[in-house]
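A quick write-up on the structure given underneath.
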Amino acid sequence: MNSELPKNYEPASVEENISRTWLAEKAFAANPAASGEPYCIVIPPPNVTGALHLGHALNNTLQDILIRYHRMRGFNVLWVPGIDHAGIATQAVVEKQLKEKENKTRHDVGREALVQRIWQWKEQYGNRILEQLKRLGCSCDWERTRFTLDEQCAAAVRETFFKLFGDGLVYRGKRLVNWDIFLQTSVSDDEIYHETVKTHLWHIAYPIDGSDKKMVVATTRPETMLGDTAVAVHSSDARWNWAIGQKVRLPLVDRLIPIIADDILVDPKFGSGVVKVTPAHDPNDYAVWQRHLGQPDAIDIINILHPDGTLNDNAGIYQGMRRDKARRQIVEDLRQRDLLIKEEPYETQVGHSDRSKTPIEPYLSDQWFIKMAPLAEPALEVVRRGLVRFHPQRHAQQYLAWLGEKRDWPISRQLWWGHRIPIWTREFELTEPLNSLTESAEPISPPATAALRKALGPDAETVLKGGEEHILRVEAIADRPDWMRATVCVRREVAAMQQVLEKCGFEQDADVLDTWFSSALWPHSTLGWPRATAELAKWNPTSVLVTARDIITLWVARMVMMNLYNMGQGRWTSDGQREAQAKIASDPEAAARFVPFHDVAINPTILDGKGERMSKSKGNGVDPVEIIDTHGADALRFTLAQMATETQDVRLPVKKLADGRNTSEKFEMGRNFCNKLWNAARFAMTALAEASPATVSRNDLSLPDRWILSRLGQTIAAADLAIKTFRFDQYAKAVYDFVWGDFCDWYVETLKPVLKGDARPDAGAAVLAAVLDASLRLLHPVMPFITERLWWQLNEVCPQRGVAQVLDCPTSARLIHASWPTAPAVDQEAETLFERLMQVITAIRNLRNQHNVEAKKAITIRMEDAQFSAQDLMTHQAIIELLANCLVLNAQTPPPGTSAQVQAGGCLLTAYGLSDPDAERQRLAKRREELVKQIAALEARLANPNYSQKAPPQLVQQTRSQLSQAQAELGGIQ
RNA sequence: GGGCGGUUAGUUCAGUUGGCUAGAACGCUGGUAUCACACACCAGAGGUCACAGGUUCAAGUCCUGUACCGCCCACCA
């Protein structure tokens with residue numbers, strides 16, 4: 001039967017077989033109606049754009065450990081898998097393909113066709129990611145797989161947006177956005193990287209109007225001067241403050257612009273003390289425009305760019321030029337007019353779009369925003385109060401700091417791939433002016449209503465009705481007093497309503513929502529919200545979120561915010577904010593029901609051997625599937641778990657294989673461990689097949705039995721604590737040390753003669769079976785495949801297992817559904833005694849090695865009392881003789897030859913029959929040196945009067961006894 | 001500029017509330033084809049705990065500062 005188990009563990013066939021069985025039996029399926037405390041994790045959805053890398057492998061391994069552990073603990077577990085549509089990243093990939101293969105832009109194929117193509121692309125690559133997760137052994141409920149752009153998620157997005165709109169938390173505003181002129185979209189701050197660019201700092205003269213004086217400004221972007229609407233100086237700068245209120249004549253365009261004071265923008269110590277102000281093309285200058293808005297010194301804002309980065313009709317003769325050409329031309333023209341004062345080489349950081357790798361252009365554009373203040377405050381509060389806890393705790397700081405800024409969230413993206421903003425607008429010319437048309441609040445004033453009725457005709461009542469399914473708002477349009485804008489937000493995807501709106505001349509907003517908008521809803525949208533599902537009732541809040549630290553702000557914070565907003569009762573408008581806070585303060589338990597998860601476990605980032613992030617472009621990435629192919633999924637998982645410490649980063653030295661692929665020696669550790677377990681189990685099951693395991697109870701146990709069961713108990717307790725505190729490395733280390741160190745190296749070795757002897761082979765076999773059983777349970781969360789395979793085998797060989805009153809092993813056909821082992825009680829007496837035996841054995845082995853004793857030759861040992869009784873150990877002399885290859889002397893005469901003495905396990909050991917007196921002399925000299933050093937250190941410590949006075953008496957006592965022991969040993973060998 | 005983390009054996013990392021001679025894995029050295037495993041077994045060598053101060057009877061651990069490395073945030077016209 002063990003012919004079925006090859007000598008070396010071969011992961012490929014085992015993994016495939018086990019995986020197929022689990023899937024066929026729907027072993028991961030969750031049922032909200034089932035009993036058991038709920039335990040739920042929603043996967044951080046990987047971006048559909050990329051294959052999974054080692055970071056994902058780590059992240060998902062940790063989640064699977066938690067899921068499998070809690071499943072075994074009897075929780076009703078659900079792990080929701082899914083994928084993120086990843087807006088801009090995905091569209092960029094498909095657009096690039098379109099360009100390369102067909103030389104077309106997205107405008108050539110049109111919105112619908114492009115979105116169609118992206119869906120095709122998604123089908124192909126999304127499945128690849130799910131396959132990777134399955135190869136890794138993730139026990140997700142695959143039938144609940146979600147995609148952030150699927151219908152269920154879309155319903156949640158629409159509902160949320162509608163709710164936010166109704167609460168006045170969504171608004172439209174002109175804002176400077178990071179504009180990608182290649183993809184023609186705005187890009188969020190986090191999709192930008194900065195690159196050092198060698199350029200120039202151009203110093204340009206701006207003549208003061210009606211004076212022969214000139215102001216000199218310096219800029220790295222001279223073309224933006226076309227959009228300058230002011231120059232600013234510091235109000236206390238004596239060089240220039242006399243000129244405040246006067247005007248300069250902007251060169252080349254010949255426009256008069258004011259000289260204003262702005263003490264925030266201008267640092268009088270820097271450069272000339274004069275700053276050009278281009279509100280439409282620079283974030284700082286935009287802030288100046290905002291600061292002066294409505295003030296006597298309010299300034300203009302002039303946009304000079306087309307969306308494609310060419311200059312528009314505000315740029316005069318430079319209209320139509322690309323920005324870089326315009327820059328060269330402008331510098332040249334200034335030079336000719338003698339207005340270029342200086343051109344100095346300069347290095348500066350320029351923001352580039354992560355996706356298109358082109359420089360970002362700050363650009364004025366219509367965008368939708370979410371008001372953060374009312375949403376952020378409750379989200380801050382639940383973390384402050386510990387209703388959501390970070391592990392390690394320090395990561396909460398980043399969350400609190402970012403959310404504390406409460407900067408409004410720009411949510412529109414000029415893309416085609418994503419959730420389209422559910423807003424329709426139309427602008428109306430008014431026949432008579434409307435005085436009351438100043439704000440966008442409901443209800444709509446009677447004059448505006450009348451105007452709408454008139455303009456919309458027969459469908460006016462449908463649009464005007466508003467309420468449950470759509471909201472209508474009207475507002476004035478700046479600079480056009482005889483116009484108004486009507487905005488309709490539609491709650492559900494209903495064709496009829498959309499047709500009515502379009503018939504009435506409304507147009508849907510062309511933009512889609514930021515990807516993070518749908519991601520923010522992930523924990524409740526995956527469970528069915530806004531429908532009141534059994535899943536939602538059972539599993540929200542979810543239990544824990546496992547993620548990387550770089551998305552604590554972008555994702556974690558927003559999930560907390562949106563979960564509280566959607567799941568919490570009542571509406572959290574700006575006015576209701578205080579109420580929400582008070583609610584959390586007065587009833588934290590209620591608030592705890594609305595958070596998305598209770599714990600956030602942050603896993604470390606995997607870097608390569610040089611400390612650099614892994615990435616495709618750097619070519620240092622390791623593909624988890626390749627590791628699974630070469631080392632096995634369990635080996636990969638174990639190694640990764642063992643690396644998941646509390647530090648921020650872990651390094652994984654990468655080695656290039658001959659075929660160019662990357663790998664790392666680190667994974668050999670996991671592979672070796674699998675092989676060790678495999679062979680220990682193989683040995684055990686061969687023995688079990690030959691013996692017939694008896695029913696045993698506490699009284700039948702030998703010292704090694706008692707010891708290994710006690711060690712097992714300690715290990716289970718350590719594993720429980722480690723998992724509870726998200727210390728996956730400690731869990732891995734505990735089980736590794738137990739299986740390899742305690743079980744294989746010691747217990748199995750002591751058991752070999754027992755199993756072959758006459759005395760108690762059946763009792764020994766029973767303990768062996770029970771400990772193997774518990775070990776497989778213990779290892780299953782981290783190494784699911786190999787343990788499941790061995791479990792099946794063990795069920796065949798030895799279906800009934802356990803040690804009465806010590807270790808129950810309830811039967812189960814599948815390990816994945818077996819129960820977590822209960823820890824046997826600690827047996828301190830057995831542990832202490834066995835520990836001494838191990839020390840004696842190691843000391844004798846050491847002596848044999850130092851004396852170059854041939855492996856097969858037994859030496860003779862006499863054991864005498866030192867600190868402790870030798871008799872206690874000699875009761876178990878068979879174990880010593882077996883494992884140290886020696887003969888323990890009782891009353892016989894010792895054999896001739898060199899003898900050597902050593903202290904171990906509290907006994908004095910004398911070894912006889914050694915043949916190398918030189919080796920012994922060397923050994924003694926070395927030992928003497930060690931002892932002298934130790935004695936000196938101990939004496940010095942005791943000589944310090946403060947030590948005996950202030951240190952705990954127990955410690956002082958211990959030091960004294962160490963000293964006397966060392967002195968005694970030294971006396972013995974001199 | 002602000003914040004966070006790191007610096008412990010050749011390498012990658014552990015190191016609980018300060019307290020026995022600072023641990024593990026890999027690598028290295030010597031030995032071993034022993035009937036679970038050479039992806040193994042046995043034994044060993046290897047550390048001024050980045051640096052400088054301080055607190056303490058006692059510091060890898062706590063405090064202050066310095067250096068270097070990494071990440072996040074905000075940025076210099």
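Throughout, a chain's letter reflects where its sequence line sits, starting with A, and its residues are numbered from 1.
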>> Heavy atoms within less than 4.0 Å of RNA chain B: which residues of residues 734-744 of chain A have one? Give them sorted by number.
In response: A/Tyr736, A/Trp740, A/Cys744
[X] has a side chain; which of [options] sits nearest to it?
X	options	result
A/Pro952	B/C75, B/C13, B/G19	B/G19
A/Asn672	B/G15, B/G19, B/A40	B/A40
A/Met669	B/A36, B/C71, B/A25	B/A25
A/Arg845	B/G19, B/U12, B/C42	B/C42
A/Tyr947	B/C71, B/C4, B/G19	B/G19
A/Gln934	B/A36, B/A43, B/U21	B/U21
A/Val650	B/A36, B/C39, B/C13	B/C13
A/Leu938	B/U21, B/C39, B/U12	B/U21
A/Arg671	B/U11, B/C39, B/A24	B/C39
A/Asp745	B/C37, B/C42, B/U11	B/C42

Taking atom types as modelled, find out whether [X] and [Y] have a side-chain donor-acceptor pair closer than 3.5 angstrom.
X	Y	value
A/Tyr286	A/Thr278	no
A/Asp720	A/Tyr731	no
A/His281	A/Glu223	no

Integer angstrom distance from the [atom1] of [N] to that of [M]:
N	M	atom1	value
B/A74	B/U8	C1'	34 Å
B/C26	B/C41	P	9 Å
B/C62	B/C20	P	16 Å

For [X], which contact category applies under a 4.0 Å heavy-atom criterion: base, sugar-phosphate, or nothing?
X	result
A/Ala218	sugar-phosphate
A/Asn284	sugar-phosphate
A/Gln642	nothing
A/Asp729	nothing
A/Arg549	sugar-phosphate

For [N], does OP1 or OP2 lie under 4.0 Å from any side-chain N or O of [X]?
X	N	value
A/Lys752	B/A36	yes
A/Arg941	B/U21	yes
A/Thr645	B/A14	yes
A/Lys676	B/C41	yes
A/Asn846	B/G44	yes
A/Lys926	B/A45	yes
A/Arg651	B/C26	no
A/Thr959	B/A58	no

Got a donor-acceptor pair under 3.5 Å from the side chain of [X] to the base of [N]?
X	N	value
A/Gln398	B/C72	no
A/Asn849	B/G30	yes
A/Lys7	B/A38	no
A/Glu749	B/A36	yes

Rounded to the nearest Å, what distance is computed from the [atom1] atom of residue [X] to the [atom2] atom of nucleotide [N]?
X	N	atom1	atom2	value
A/Phe638	B/A25	CZ	C1'	10 Å
A/Lys666	B/G27	NZ	C1'	12 Å
A/Met838	B/C42	CE	P	12 Å

> Quick one: does A/Arg727's side chain have a donor or acceptor within less than 3.5 Å of a partner on A/Ala722's backbone?
Replying inline: no
> Hey, are A/Asp634 and A/Arg789 close enough for a salt bridge, meaning a charged N less than 4.0 Å from a carboxylate O?
Replying inline: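 No, this pair does not count.
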> How do A/Thr842 and A/Glu665 order along RNA chain B: which one's closest nucleotide is nearer the 5' end?
Replying inline: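 Checking each residue's closest nucleotide, the 5'-ward one belongs to A/Glu665.
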> Mapping A/Phe673 and A/Gly273 onto RNA chain B by nearest heavy atom, which one lands closer to the 5' end?
Replying inline: A/Phe673
> Which distance, rounded to the nearest 0.5 Å, do you find between the CG of A/Asp550 and the OG1 of A/Thr605?
Replying inline: 6.0 Å
>> A/His851: which residues meet the ring pair (Phe, Tyr, Trp, His ring centres under 6.0 Å) condition with it, sequence neighbours left out?
In response: none
> How would you list, by chain and number, every residue that makes a ring pair (Phe, Tyr, Trp, His ring centres under 6.0 Å) with A/Phe673, sequence neighbours excluded?
Replying inline: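 A/Phe673: ring pair (Phe, Tyr, Trp, His ring centres under 6.0 Å) contacts with A/Phe638, A/Tyr736.
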> Can the ring centres of A/Phe726 and A/His391 be said to be less than 6.0 Å apart?
Replying inline: yes
> So do the side chains of A/Gln642 and A/Asp729 get within less than 4.5 Å of each other, counting heavy atoms only?
Replying inline: no
> Stem ranges for RNA chain B, with three or more consecutive Watson-Crick or G-U pairs under 3.5 Å?
Replying inline: B:1-7 with B:67-73, B:10-13 with B:23-26, B:28-32 with B:40-44, B:50-54 with B:62-66
> For A/Arg221, which residues count as a side-chain hydrogen bond (donor to acceptor under 3.5 Å, both in side chains) partner, sequence neighbours excluded?
Replying inline: A/Glu361
>> Run the side-chain hydrogen bond (donor to acceptor under 3.5 Å, both in side chains) test against A/Glu930 and tell me which residues pass, sequence neighbours left out.
In response: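 Residues passing side-chain hydrogen bond (donor to acceptor under 3.5 Å, both in side chains) with A/Glu930: A/Arg927.
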> Taking it one step at a time, do A/Trp678 and A/Leu790 satisfy side chain to side chain contact (heavy atoms under 4.5 Å, CB included)?
Replying inline: CA-CA 8 Å; A/Trp678 184 257; A/Leu790 292 171; 3.7 Å; yes
